[in-house]
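Everything below concerns the one structure shown next.
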Amino acid sequence: MNETLQKLIKREEERQQNTINLIPSENFTSKAVREATGSIFMHKYSEGNIGVRYYEGNEVVDELESECIRMVKKVMIHDDGLRNEWESNVQVLSGSTANLAVYNAVLNPGDTILSMYLPDGGHLSHGWSHTPSGEKSNIQNPISKVSNDDIYLGGSVKSNFNSKIFNIIQYRVDKETELINYDKLLDHLKKFNPKLFIVGGTAYPRYIDYKKIREVLDEYKSETGNRVLFLADVAHEAGLIAGGVHPSPFESADFVTFTTHKTLRGPRGAVVMCRREFIDAVNKSVMPGLLGGPFNHTIAGLLQTLYESDSDEFKNYSEQVVKNAKLLAELFMKKGYRVVSGGTDKHMVLVDFSNKGISGRAVSKALAMIGIITNKNTVPFEKGTPVSPSGVRFGTPFVTTRGFKETEINQTFEVIEKLIEVASSVASETFKEFVEKISSKKSDLDLLAKEVAELCSKFPLNI
Ligand code: DSN
């Protein structure tokens with residue numbers, strides 16, 4: 001291998017080995033998953049579907065893809081009868097293209113999508129247009145009685161492509177509980193008559209009540225005759241659903257999309273699952289609609305992941321991921337930190353630092369200086385900006401893979417707390433000033449970095 005590249009890989013290995021990764025959307029794969037993902041399947045073009053390809057030489061790829069589809073259904077849907085009602089496309093390349101594949105399969109330009117407000121925890125690919133400062137939010141609001149606290153109708157800057165194509169309406173979480181307000185859903189449906197309802201996102205730490213959503217969609221249909229299609233984007237929850245520690249969306253939704261590298265612990269990739277009636281439309285939407293040749297090496301890596309997830313070991317892992325996150329939430333709250341929604345049911349804790357006089361941006365930067373890797377994040381009813389938000393997401397999938405249990409979560413929290421004390425003592429007007437001041441606290445930072453390094457060395461990654 002080229003020496004420059006070799007050195008880059010080595011450095012990244014060392015970085016992953018020697019830092020505590022608390023980003024909730026990242027994980028660490030097995031050697032077997034990495035080998036399969038780097039396998040010679042990467043050389044093959046296989047546009048089309050199993051048995052109906054545009055290139056010859058796909059007899060092995062056909063078997064690989066069929067087996068992957070069989071396993072994805074086995075791992076994600078635990079009830080045999082229900083499993084028979086679902087189909088999968090494993091060719092999509094990422095979470096965003098998985099969602100786009102669904103839109104392209106069943107929507108027309110101009111159709112309305114009702115999805116979760118991005119700063120409250122939704123996702124860019126569910127459509128996003130922002131309101132520049134000075135512009136009146138919800139300016140296009142055609143319905144006078146809709147409150148900005150309940151619904152966001154979008155701004156003039158169509159930041160995400162989907163917002164240029166579809167009419168994106170976004171529901172907000174409840175201001176008090178910071179939970180999805182299922183009681184307002186029927187009202188929203190009646191006002192906006194969407195073609196597609198989406199639930200899921202990147203920073204919603206609580207269970208999602210898919211059954212309740214189905215009930216409301218059915219009630220709306222029986223009142224109006226309108227069928228609203230239901231997409232559950234479970235990118236964050238996929239592994240927890242596979243491990244049986246999060247409610248399953250499969251009884252309730254029409255489409256389920258997810259990435260494969262978060263809680264599911266696979267290679268970077270994605271899957272679209274759908275009720276049987278939609279599989280032809282989804283397959284056509286993927287190819288020729290959106291993509292060319294599938295990444296067969298990623299499908300191979302995913303298949304190995306699915307064999308690994310189909311085990312008691314993975315169930316135990318998923319349980320521990322949630323136990324670790326719940327403990328982390330409790331520890332933050334005991335020390336007076338504001339945890340969004342008052343806790344977590346999942347793999348992620350969202351902490352709002354606005355009552356501590358320090359931004360999420362400053363906290364995540366300072367943590368990175370001692371080797372704890374997180375990401376800054378908006379919180380519901382955010383007062384800051386996406387570049388300098390109030391929150392930080394703390395997730396447990398990666399550290400649980402390396403073997404952290406309650407003892408290590410307690411130790412990690414102690415380090416986080418000491419670091420936040422140091423960071424708060426130099427809270428500054430500007431981020432630049434903050435970075436300068438905290439960099440001057442070298443001896444404090446070095447002591448904490450040493451604790452991080454010790455913890456990592458006790459739980460080495462199998463690189
Ligand atoms: N980047 C993913 C996450 O961190 O949640 C979502 O796209």
Side-chain angles (χ1 to χ4, degrees), residues 16 19-29 92-103 113 115-128 130 159-163 168 170 173 178 180 198-208 231-241 246 255-272 298 302 321-322 325 328 340-341 344-352 360-361 363-365 367-368 372-380 382 386-387 389-401:
Q16 293 190 20
T19 53
I20 295 181
N21 184 350
L22 294 175
I23 293 178
S25 48
E26 294 184 8
N27 212 324
F28 187 81
T29 55
V92 280
L93 305 183
S94 71
S96 295
T97 45
N99 289 335
L100 196 52
V102 173
Y103 310 158
I113 296 177
S115 58
M116 188 194 257
Y117 183 56
L118 178 67
D120 284 1
H123 191 257
L124 267 176
S125 66
H126 302 168
W128 177 243
H130 90 263
S159 330
N160 181 271
F161 183 68
N162 297 323
S163 304
I168 307 288
Q170 301 206 311
V173 293
E178 297 173 311
I180 294 171
I198 308 177
V199 74
T202 61
Y204 187 73
R206 294 305 196 156
Y207 284 151
I208 294 176
L231 164 60
D233 178 341
V234 302
H236 271 265
E237 297 86 358
L240 306 179
I241 293 166
H246 187 276
F255 300 90
V256 173
T257 54
F258 54 94
T259 46
T260 49
H261 47 270
K262 298 183 173 89
T263 48
L264 194 57
R265 206 163 59 177
R268 302 194 80 81
V271 174
V272 177
T298 306
L302 173 58
V321 165
V322 175
L328 199 53
V340 168
S341 81
T344 184
D345 300 319
K346 305 206 287 215
H347 60 303
M348 172 196 330
V349 183
L350 181 57
V351 183
D352 175 3
R361 183 189 192 189
V363 171
S364 67
K365 181 72 183 170
L367 284 168
I372 296 183
I373 309 301
T374 59
N375 74 284
K376 61 187 179 188
N377 215 94
T378 54
V379 298
E382 176 64 59
V387 176
S390 313
V392 174
R393 286 190 314 178
F394 295 88
T396 53
F398 195 114
V399 290
T400 308
T401 295

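For ligands, and for the atoms within them, numbers begin at 1 and follow the listed sequence.
If you look at ligand 1, the protein residues with a non-hydrogen atom under 4.0 Å away are S25, H123, T202, H236, K262, R393.
When all heavy atoms of P380 and V173 are compared, the closest pair comes out as CB-CG2, 3.7 Å. Considering all non-hydrogen atoms of both residues, T260 and L264 come closest at O-CB, 3.7 Å.
Proximity of M348 to H236: side-chain heavy atoms (C-beta onward) are separated by under 4.5 Å at one or more points.
Atoms OG1 and CG, from T202 and N375 in turn, are 8.5 Å apart once rounded to the nearest 0.5 Å.
Ring-centre distance between W128 and F161: not below the 6.0 Å cut-off.
Among residues two or more places apart in sequence or in another chain, the ring pair (Phe, Tyr, Trp, His ring centres under 6.0 Å) test is passed with Y207 by H246.
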